[in-house]
Amino acid sequence: MPELPEVETIKRTLKERLTDLTIRGADILLPKIIQTPSPEEFCRLVVGKKILDVGRRGKYLLLSLSRGLVLVVHLRMTGQLVYTAPGAPRPKHTHLIFYLSNAHQLRYTDTRQFGRFWLVPAEKLQAVRGLKDLGVEPLSGEFTVDFLKKELKKRRTRLKPLLLNQTFISGLGNIYADEALHRAGLHPARQANTLTTAEAEALFRAIREVLEEGIASRGTSVRDYVDGTGQAGSFQEKLRVYGKSGQPCPRCGLAVARLRLGGRSTYFCPECQK
DNA sequence: AGTCAAACCTGGGCGC
DNA sequence: TGCGCCCAGGTTTGAC
């Protein structure tokens with residue numbers, strides 16, 4: 001479900017509401033979503049802790065708790081983390097409920113049950129699989145045209161799978177990768193080390209642009225995504241190619257095509273993307 | 001290094 | 001209505 005703009009929107013909505021609240025209790029309805037420690041230990045450790053901050057790294061949410069603990073959440077495809085008033089009906093597929101000091105709840109709902117939770121001391125964050133090896137944050141100052149040019153030159157893989165590789169750039173997923181490649185005018189199967197300087201610059205701008213616009217629209221709700229208050233985003237209205245095979249490319253009018261690359265559906269315009 | 005398929009799950013959409 | 005198939009904002013693992 002969520003890529004960088006969605007997780008960022010969730011982070012912002014939750015940070016505003018959860019900061020300074022204390023977790024009074026936790027109900028684990030589906031134990032397998034707790035990656036570490038054991039479900040019993042997880043409950044024991046989390047109860048009584050205050051939420052000091054809510055952050056994001058790539059597609060991971062990081063809730064900083066008192067006593068130096070960090071609650072790490074990855075929503076994978078259909079996970080939703082929603083701040084809810086008490087008494088609100090409990091949706092199907094609710095797997096975890098935190099009871100908060102203001103009587104509200106933080107509920108985790110996940111149809112496909114792929115999402116995972118970790119509760120670790122801040123100094124052991126590297127123990128969270130995937131987190132330690134994350135690549136550069138594309139909206140940070142570390143992500144520069146020079147960095148992108150240099151990295152592209154080193155790699156022989158195709159652009160689409162490369163953009164999905166979280167150890168390269170963290171936060172892009174299937175939607176924003178396709179949208180960035182369309183804006184850059186680059187074919188998703190282009191070999192990374194064949195890009196010209198101008199093409200690398202176009203890709204850099206396109207990645208930045210599409211993520212920033214995604215955040216400004218509060219994410220893409222093509223399916224299940226909602227923010228930390230249960231609200232949908234609106235970037236689905238601005239998509240140019242994702243999920244649009246057969247429909248006219250907004251730039252040239254020719255039909256958008258679909259391709260399978262790296263095991264993922266890939267949408268692109270055969271006319272505009274070379 | 002890169003590519004691919006399968007695995008983890010439930011549910012929606014479509015053709016018949 | 002129902003069955004069977006394909007599809008889905010992600011990641012990991014194991015094989016070639």
Side-chain angles (χ1 to χ4, degrees), chain A residues 1-11 29-36 56-61 72-81 91-95 108-118 128-135 138 151-181 188-194 207 210-211 213-215 217-227 232-246 258-267:
Chain A
M1 154 167 95
E3 307 178 31
L4 188 152
E6 289 74 42
V7 181
E8 178 64 23
T9 304
I10 294 167
K11 182 205 88 177
L29 282 4
L30 185 69
K32 73 170 180 187
I33 65 169
I34 310 296
Q35 199 74 10
T36 194
R56 176 191 65 75
R57 175 79 173 95
K59 300 174 192 171
Y60 292 80
L61 277 170
V72 181
V73 187
H74 198 302
L75 305 165
R76 296 283 172 89
M77 296 285 265
T78 52
Q80 301 176 333
L81 202 53
K92 202 174 167 185
H93 305 297
T94 299
H95 305 315
Y108 181 68
T109 302
D110 188 350
T111 307
R112 294 179 69 181
Q113 311 178 6
F114 289 166
R116 291 294 180 265
F117 285 70
W118 299 256
V128 176
R129 107 140 38 255
L131 194 54
K132 149 173 81 82
D133 299 320
L134 281 183
E151 289 296 319
L152 288 172
K153 205 161 286 176
K154 286 197 289 196
R155 306 183 191 237
R156 319 176 62 85
T157 185
R158 294 117 118 201
L159 290 177
K160 173 67 184 286
L162 181 59
L163 294 185
L164 292 181
N165 180 351
Q166 301 300 299
T167 68
F168 175 51
I169 297 172
S170 56
L172 284 170
N174 214 27
I175 295 179
Y176 295 95
D178 281 2
E179 293 295 313
L181 288 170
R190 264 291 283 285
Q191 199 174 299
N193 61 1
T194 66
I207 290 170
V210 84
L211 292 175
E213 289 179 25
I215 293 171
S217 295
R218 306 176 62 86
T220 304
S221 295
V222 96
R223 216 174 211 101
D224 306 285
Y225 164 72
V226 292
D227 69 17
S234 66
F235 196 67
Q236 64 279 9
E237 296 161 17
K238 308 219 170 102
L239 297 176
R240 300 185 187 174
V241 287
Y242 179 81
K244 297 192 182 292
S245 37
R258 179 173 170 270
L259 184 68
R260 194 162 276 275
L261 267 183
R264 312 295 303 277
S265 275
T266 300
Y267 302 90

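Every chain is numbered from 1, with letters handed out A, B, ... down the list of sequences. Hydrogens, waters and symmetry mates play no part in the numbers below; they use all other heavy atoms, side chains included.
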Out of dT10(B), dG10(C), dT12(C), whichever nucleotide has its closest atom nearest the side chain of His93(A): dT10(B)
In whole angstrom, give the distance that lies between atom CG of Leu163(A) and atom P of dG2(B). 14 Å
What is the separation between atom CG on Asp110(A) and atom C1' on dG11(B), rounded to the nearest whole Å? 13 Å
For DNA chain C, consecutive-pair runs of 3 or more (Watson-Crick or G-U wobble, both H-bond-type distances under 3.5 Å) give B:2-8 with C:10-16, B:10-16 with C:2-8
Using the rule given for salt bridge (Lys or Arg N to Asp or Glu O under 4.0 Å), can you reason through Asp178(A) versus Arg240(A), listing the C-alpha separation, both sets of side-chain angles and the distance that settles it, and then say yes or no? CA-CA 9 Å; Asp178(A) 281 2; Arg240(A) 300 185 187 174; over 6 Å; no
With sugar-phosphate meaning primed atoms plus P, OP1 and OP2, does Lys154(A) contact a base, only sugar-phosphate, or nothing at under 4.0 Å between heavy atoms? nothing
Separation between the P atoms of dC9(B) and dG2(C), rounded to whole Å: 26 Å
Under 4.0 Å, heavy atom to any atom of DNA chain C: which of residues 128-135 of chain A qualify? Arg129(A), Gly130(A)
List for me each residue that meets ring pair (Phe, Tyr, Trp, His ring centres under 6.0 Å) alongside Tyr108(A), sequence neighbours excluded, and say none if there are none. Phe117(A)
Just so I know, are the side chains of Thr109(A) and Lys92(A) near enough to count as touching, which here means a heavy-atom distance under 4.5 Å? no
Sequence neighbours left out, what passes side chain to side chain contact (heavy atoms under 4.5 Å, CB included) with Glu151(A)? Give chain and number order. Phe147(A), Lys154(A), Arg155(A), Phe168(A)
Of the listed nucleotides (dA8(C), dG10(C), dG2(B)), which one gets closest to any side-chain atom of Arg223(A)? dA8(C)
Does OP1 or OP2 of dC9(B) have a side-chain N or O of Thr78(A) closer than 4.0 Å? no
Which one, dT10(B), dG10(C), dG2(B), comes nearest to the side chain of Lys59(A)? dG10(C)
For His74(A) and Tyr60(A), take the angle between the two ring planes, folded into 0 to 90°, and tell me which bin it lands in: parallel under 30, tilted 30 to 60, perpendicular over 60. perpendicular
Nearest-nucleotide pick for Gln113(A), side chain only, options being dT11(C), dG2(B), dT10(B): dT10(B)
Scan nucleotides 3-8 of chain B nucleotide by nucleotide, 5' to 3', and note B when protein non-hydrogen atoms come under 4.0 Å of the base, S if they reach only the sugar-phosphate, - if neither. SS---B
From the candidates dT11(C), dC7(C), dG11(B), the one with an atom nearest any side-chain atom of Thr111(A) is dG11(B)
Respond yes when some side-chain nitrogen or oxygen of Arg258(A) is under 4.0 Å from OP1 or OP2 of dC7(C), and no when none is. yes
Contacts of type salt bridge (Lys or Arg N to Asp or Glu O under 4.0 Å), residue Arg190(A), not counting sequence neighbours: Glu199(A)
